[in-house]
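These notes are about the structure you will find just below.
Note that the coordinates shown come from a computational prediction; the quantities given were computed from them, not determined experimentally. Every heavy atom of this structure was used, including side-chain atoms; hydrogens, water molecules and symmetry mates were not. Heads up: numbering here begins at 1 and tracks the sequence. Note that ligands are numbered from 1 as they come in the structure, with each ligand's atoms numbered from 1 the same way.
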Amino acid sequence: MKNFVYNGLPARVIFGAGTLSTLAGVVSDLGCRRALLLSTAVQSEQLHPLRQLLGPAAVGAFTEAAMHTPVEVSERAVFMARAVQADCVIALGGGSTIGLAKAIALRTDLPQIVVPTTYAGSEMTPILGQTEGGRKTTQRTLKVLPEAVIYDVDLTLSLPPAISATSGLNAIAHAVEGLYAKDGNPIVSLMAEEGIRALAHALPGVIDDPGNRSARSDALYGAWLCGAVLGTAGMALHHKLCHTLGGSFDLPHAETHSVILPHATHYNAAAAPEAMDRLARALRVTGDPAGALFDLGARLGAPSSLRALGLSESSLPRAADLAAENPYWNPRPVERDAILALLRAAWSGERPAGDHGPHYAGRPA
Ligand code: NAD
């Protein structure tokens, strides 16, 4: 085995059904007594059980979390946290609400307890993306890593099927890139393979029956592992493309991940055969795992083309230029014309098989 470095991240994780009932204990274990609750407007009703569990320790609620963590929203939330003399924040929601908790922690050092209700994985990472004046910046600092995470399957039952599909594929994308990350290692690969396996097999059951607690539980477990991969391993071409398309063309986050993932995987396949073997094993296919990811997205009813997300065809050359400028490390060199071919295939929603990626021979039987 090659030498490697593994950076474990300090966070307490409580996983299961009905685990929200541990909330008051988690707050007091952190030495806290005054919690500011956070959510989006859509999920504000879901804060009621938290108020009941915490009683007077719930000192306020800020329910304006928004996509891409706008700085002006974070500043208003910080103002409120100070006004109510909060000594911790509790975020209930997906990446948008968790991003708000992180933005508050960055500015105040308040500890964060996070109750994730999507599969996007932000709760397991020391990464914060923020937007100001239409510009998105991302930073990695342990200051924003949540102190405690409570995964409660019951709170995911209300996640609409369409968001379940795209946020599940968003999570799988973290793990796929973890499999070939420059700083990958055997621990990251174990988590990534298991996370993909759990999500890929649970998500069809979630879509067919969103109230299926067993499928929901497996999906949430997979999402946790995929989030942990994102927290510890560097990301590559897939994430660069999604950040470019989201940041410069305003495409929606999870949907963009769903569309790009099969194509970025295809682009990298021949340059990362060991990763592809693991990916194929996780997806239980012997052939091309990029095609299998495309088929999974179709099975889940996720968007399959950039055209369907509203990107104009004339934007593709500019997107290819931007993605090829300052590329993230990637197992295959990032070549502008090959990226343009990738984007054209993703725009029209073709199953990846074109000549923009050398061929991966398939997993040994
Ligand atoms: P989201 O948080 O924007 O949620 C989408 C919508 O679904 C929101 O209206 C939300 O209130 C609603 N929702 C969430 N859970 C629900 C539930 N159980 N029942 C009913 N409605 C529910 O979506 P997301 O995909 O989780 O997060 C996307 C954001 O997270 C992006 O801004 C992305 O950049 C960020 N992100 C950050 C990281 C990181 O490590 N920093 C990782 C992944 C995603």
Item checked: Min N/O separation Ala254 to ligand 1 under 3.5 Å -> no
Ligand 1 to Leu155, heavy atom cutoff 4.0 Å, flagged ligand atoms 18 (N)
CD (Gln52) and CG (Leu20) are apart, to the nearest 0.5 Å, by 10.5 Å
of all protein heavy atoms, closest to atom 44 (C) of ligand 1 is His253 NE2, 3.6 Å
among protein heavy atoms, the one nearest atom 9 (O) of ligand 1 is Val42 CG2, 3.9 Å
Gly94 heavy atoms within 4.0 Å reach ligand 1 at atoms 2 (O), 26 (O)
Under 4.0 Å between heavy atoms, the region of His68 that gets near ligand 1 turns out to be both
Q | Val206 backbone acceptor or donor facing Asn212 side chain under 3.5 Å | A | no
Any side-chain donor-acceptor pair under 3.5 Å between His239 and His174?
-> yes
Salt bridge flag under 4.0 Å for residues Arg299 and Asp208
yes
Ile163 heavy atoms within 4.0 Å reach ligand 1 at atoms 6 (C), 7 (O)
message: I'd like to check His257 versus Leu169 (side-chain heavy atoms, cut-off strictly below 4.5 Å). Are they in contact?
response: no
Contacts of Ala290 meeting side chain to side chain contact (heavy atoms under 4.5 Å, CB included) (sequence neighbours excluded), chain-then-number -> Thr265, His266, Asp288, Pro352
Looking only at protein heavy atoms, what sits closest to atom 14 (C) of ligand 1 is Gln43 OE1, 3.2 Å
Counting both backbone and side chain atoms, is some N or O of Ser96 under 3.5 Å from an N or O of ligand 1?
yes
N/O separation below 3.5 Å, Thr117 to ligand 1: yes
For atom 41 (N) of ligand 1, the closest protein heavy atom turns out to be Ile127 O, 2.9 Å
If you scan protein heavy atoms around atom 25 (O) of ligand 1, the nearest is Ala120 CB, 3.9 Å
Residue pairs passing the ring pair (Phe, Tyr, Trp, His ring centres under 6.0 Å) test with at least one member in residues 140-160, sequence neighbours excluded, are Phe15-Tyr151, Tyr151-Trp224
Atoms of ligand 1 under 4.0 Å from any heavy atom of Met67, numbered from 1 in the order shown, are 3 (O)
- prompt: Is atom CZ of Arg318 surrounded by more than 12 heavy atoms (other residues, nucleotides or ligands) closer than 6.0 Å?
  reply: no
_If you measure every N or O of Ser167 against every N or O of ligand 1, does any of those distances drop under 3.5 Å?_
no
Problem set entry | NZ/NE/NH1/NH2 to OD/OE distance under 4.0 Å, Arg33 and Asp87 | no
The atoms of ligand 1 lying under 4.0 Å from a heavy atom of Gly95, numbered in the order shown, are 2 (O), 24 (P), 26 (O), 27 (O), 29 (C), 30 (O)
Open item on the list: Heavy-atom contact check, 4.0 Å cutoff: does Gln130 meet ligand 1?
Closed with: no
Taking only non-hydrogen atoms of Thr125 and a 4.0 Å limit, the atoms of ligand 1 in range are 39 (C), 40 (O), 41 (N)
In ligand 1, the atoms that come under 4.0 Å of a heavy atom of Lys102 are 39 (C), 40 (O), 41 (N)
Are the side chains of Thr108 and Arg82 in contact, using a 4.5 Å heavy-atom criterion? yes
Out of Ser122, Ser39, Ser44, Pro126, the nearest non-hydrogen contact to atom 38 (C) of ligand 1 is supplied by Ser122
Heavy atoms, side chains only, cut-off 4.5 Å: are Leu92 and Gln43 in contact?
yes
Restricting to heavy atoms, the pick from Pro116, Ser158, Ala162 nearest atom 17 (C) of ligand 1 would be Ser158
- Message: Does Arg332 qualify as a cation-pi partner of Tyr267, given the criterion of NZ or CZ under 6.0 Å from the six-membered ring centre and within 45 degrees of its axis?
- Response: yes
Counting from 1 in the order shown, the ligand 1 atoms closer than 4.0 Å to a non-hydrogen atom of Thr40 are 10 (C), 11 (O)
among protein heavy atoms, the one nearest atom 4 (O) of ligand 1 is Thr118 CG2, 4.3 Å
Under a 3.5 Å threshold, yes or no: a donor from one side chain and an acceptor from the other, between Ser312 and Ser315? yes
query = Judging by distance only, is a nitrogen or oxygen of Lys136 under 3.5 angstrom from one on ligand 1?
reply = yes
Practice task
Verify the cluster assignment for Met124 and Val153: are they in a single hydrophobic cluster under the rule of side-chain heavy atoms below 4.5 Å apart?
Solution key: yes
